[in-house]
Amino acid sequence: MEAIAVIDFETTGLSPSQGCRATEIAAVIWQDGRIVERYQSLMNPGVAIPPFITQLTGISNAMVRAAPAAEHVMREVAEFVATRPLLAHNASFDQKFWRAELARIALPNEQPFACSMLLARRLLPEAANHKLGFLTQWAGLPNTGKAHRAMADAEMAANLLGYLHQLLIERHGIQADHALLARLARVPNARLKDTLHSLRTPA
DNA sequence: TGCCAGGCCCTCTTTAGGGCCTT
């Protein structure tokens, strides 16, 4: 399977359309079932971080004031990710910020995304919820550090990707690449069983 | 003026509403 870049943003809020900016990003390269490379950096967003966000993430205005500018960090992480396809937990959120932050510096931002949350909802319907931290504990995956910091969350999402990838192999006989993971995440639940059966890799 | 995300999914649905997830 080709390498996948798993990313996680910490931000000043929920949406770039509301003026929110990224404050931290982590990207890990997942290949052959394990993390093989890591990138992480705080960034100076140029806007204030609301107190609620500092309480949630531990990232303060003082911390990002001392960090490189968002533009610099986004250039670095784009170079790190290169042409690899991306995955995030609730990718609609990270994709918005990925596109908005790269658009600000006129870099290509249309990389394909897959979403571990949508995949988990389909493949792990028995889980009580599909929050990243809960699924990590529920599946017995490693504790990667403080939740709501970019590297810990990116590593959790990569570990969950590995768990789901292995589950597809063992339970459904499917060797999935990024494109197939992205496709499966969008199959209506009513058609999921038939789709999984049709994708079974011949023995 | 008042308000302010948005994509996905389920259902008491489709001429809609509300919960889940991310910060």
Side-chain angles (χ1 to χ4, degrees), chain A residues 5-28 40-61 63-64 67 70 73-74 77 86-104 109-139 141 144-161 163-164 181-196:
Chain A
V6 181
I7 69 165
D8 185 82
F9 276 106
E10 304 305 320
T11 71
T12 63
L14 287 172
S15 177
S17 69
Q18 301 294 302
C20 300
R21 296 291 307 274
T23 57
E24 187 179 46
I25 188 168
V28 302
Q40 179 272 330
S41 182
L42 286 166
M43 64 184 101
N44 188 335
V47 300
I49 303 172
F52 163 72
I53 298 289
T54 295
Q55 193 169 17
L56 178 71
T57 65
I59 299 173
S60 66
N61 285 303
M63 289 165 68
V64 296
V73 172
M74 291 308 299
V77 72
L86 294 160
L87 176 139
H89 197 73
N90 196 17
S92 68
F93 172 84
D94 293 277
Q95 187 176 30
K96 280 188 301 189
F97 281 94
W98 180 260
R99 293 193 166 158
E101 293 291 346
L102 290 179
R104 297 177 75 95
N109 62 2
E110 295 294 324
Q111 293 85 348
F113 269 80
C115 178
S116 55
M117 184 194 75
L118 293 180
L119 267 176
R121 281 182 178 168
R122 283 161 177 76
L123 299 177
L124 305 172
E126 65 273 32
N129 67 62
H130 299 88
K131 295 182 170 114
L132 182 57
F134 176 84
L135 288 174
T136 293
Q137 287 197 331
W138 181 84
L141 298 171
T144 58
K146 185 187 179 307
H148 295 300
R149 284 302 298 264
M151 181 54 78
D153 285 2
E155 288 186 345
M156 271 194 271
N159 291 335
L160 179 60
L161 164 62
Y163 182 85
L164 295 170
L181 294 174
R183 176 181 159 196
L184 277 175
R186 294 179 186 283
V187 171
N189 273 328
R191 292 218 317 269
L192 183 62
K193 191 176 170 188
D194 288 344
T195 303
L196 288 170

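The shown structure was predicted, so the numbers you read here are calculated from the model rather than taken from an experiment. Residue numbers start from 1 in every chain, and the chains themselves are labelled A, B, ... in the order their sequence lines are given, proteins ahead of strands.
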For [X] and [N], give me the distance from atom [atom1] to atom [atom2], rounded to whole Å.
X         : N       : atom1 : atom2 : result
Phe93(A)  : dT23(B) : CZ    : P     : 6 Å
Phe113(A) : dT22(B) : CZ    : P     : 16 Å
Leu123(A) : dC8(B)  : CG    : P     : 17 Å
Asp94(A)  : dT23(B) : CG    : P     : 7 Å
Arg121(A) : dT22(B) : CZ    : P     : 9 Å
Leu119(A) : dG7(B)  : CG    : P     : 19 Å
Asn61(A)  : dT23(B) : CG    : P     : 18 Å
Glu24(A)  : dT23(B) : CD    : P     : 11 Å

Just call it for [X]: base, sugar-phosphate, or nothing, with non-hydrogen atoms closer than 4.0 Å on any strand.
X         : value
Thr12(A)  : nothing
Asn129(A) : sugar-phosphate
Arg186(A) : sugar-phosphate
Phe9(A)   : sugar-phosphate

Mind checking the [atom1] distance from [N] to [M]? Whole angstroms is fine.
N       : M       : atom1 : value
dC20(B) : dG2(B)  : C1'   : 27 Å
dC4(B)  : dG18(B) : P     : 14 Å
dC3(B)  : dG7(B)  : P     : 23 Å
dT13(B) : dG19(B) : C1'   : 15 Å
dC12(B) : dC8(B)  : P     : 23 Å

* Taking every non-hydrogen atom, the tightest pair across Ala22(A) and Pro45(A) ->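 Answer, listing the atom of Ala22(A) first, then Pro45(A): O-CB, 3.4 Å.
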
* If you take all heavy atoms of Gly145(A) and Ala152(A), which pair is closest and at what distance? ->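 Closest heavy-atom pair between Gly145(A) and Ala152(A): C-CB, 3.9 Å.
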
Is any side-chain nitrogen or oxygen of [X] closer than 4.0 Å to OP1 or OP2 of [N]?
X         : N       : value
Asn90(A)  : dC20(B) : no
His130(A) : dC21(B) : yes
Ser92(A)  : dC8(B)  : no
His148(A) : dT23(B) : yes

* Exam field: side chain Thr12(A) to backbone Arg21(A), donor-acceptor pair closer than 3.5 Å ->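 Looks like yes, one N/O pair under 3.5 Å.
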
* To do: Determine yes or no for a side-chain-to-main-chain donor-acceptor pair under 3.5 angstrom, with His89(A) supplying the side chain and His130(A) the backbone.
  =>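 Confirmed, His89(A) side chain pairs with His130(A) backbone.
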
Which listed nucleotide ([options]) is nearest to the side chain of [X]?
X         : options                   : answer
Ser15(A)  : dT22(B), dA5(B), dC20(B)  : dA5(B)
Leu132(A) : dG6(B), dT22(B), dT23(B)  : dT22(B)
His89(A)  : dT23(B), dC21(B), dC10(B) : dC21(B)
Gln18(A)  : dA5(B), dC21(B), dT23(B)  : dA5(B)

* Where does the angle between the aromatic ring planes of Trp98(A) and Phe113(A) fall among parallel (under 30°), tilted (30 to 60°) and perpendicular (over 60°)? ->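 Rings of Trp98(A) and Phe113(A): perpendicular, as their planes differ by over 60°.
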
* Asked: Rounded to the nearest 0.5 Å, what separation is found between the CD1 atom of Ile53(A) and the NE2 atom of His148(A)?
  ->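 Here the interatomic distance stands at 9.5 Å.
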
* Asked: Between Leu118(A) and Ser17(A), which has a closest nucleotide on DNA chain B that is more 5'?
  ->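 Result: Ser17(A).
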
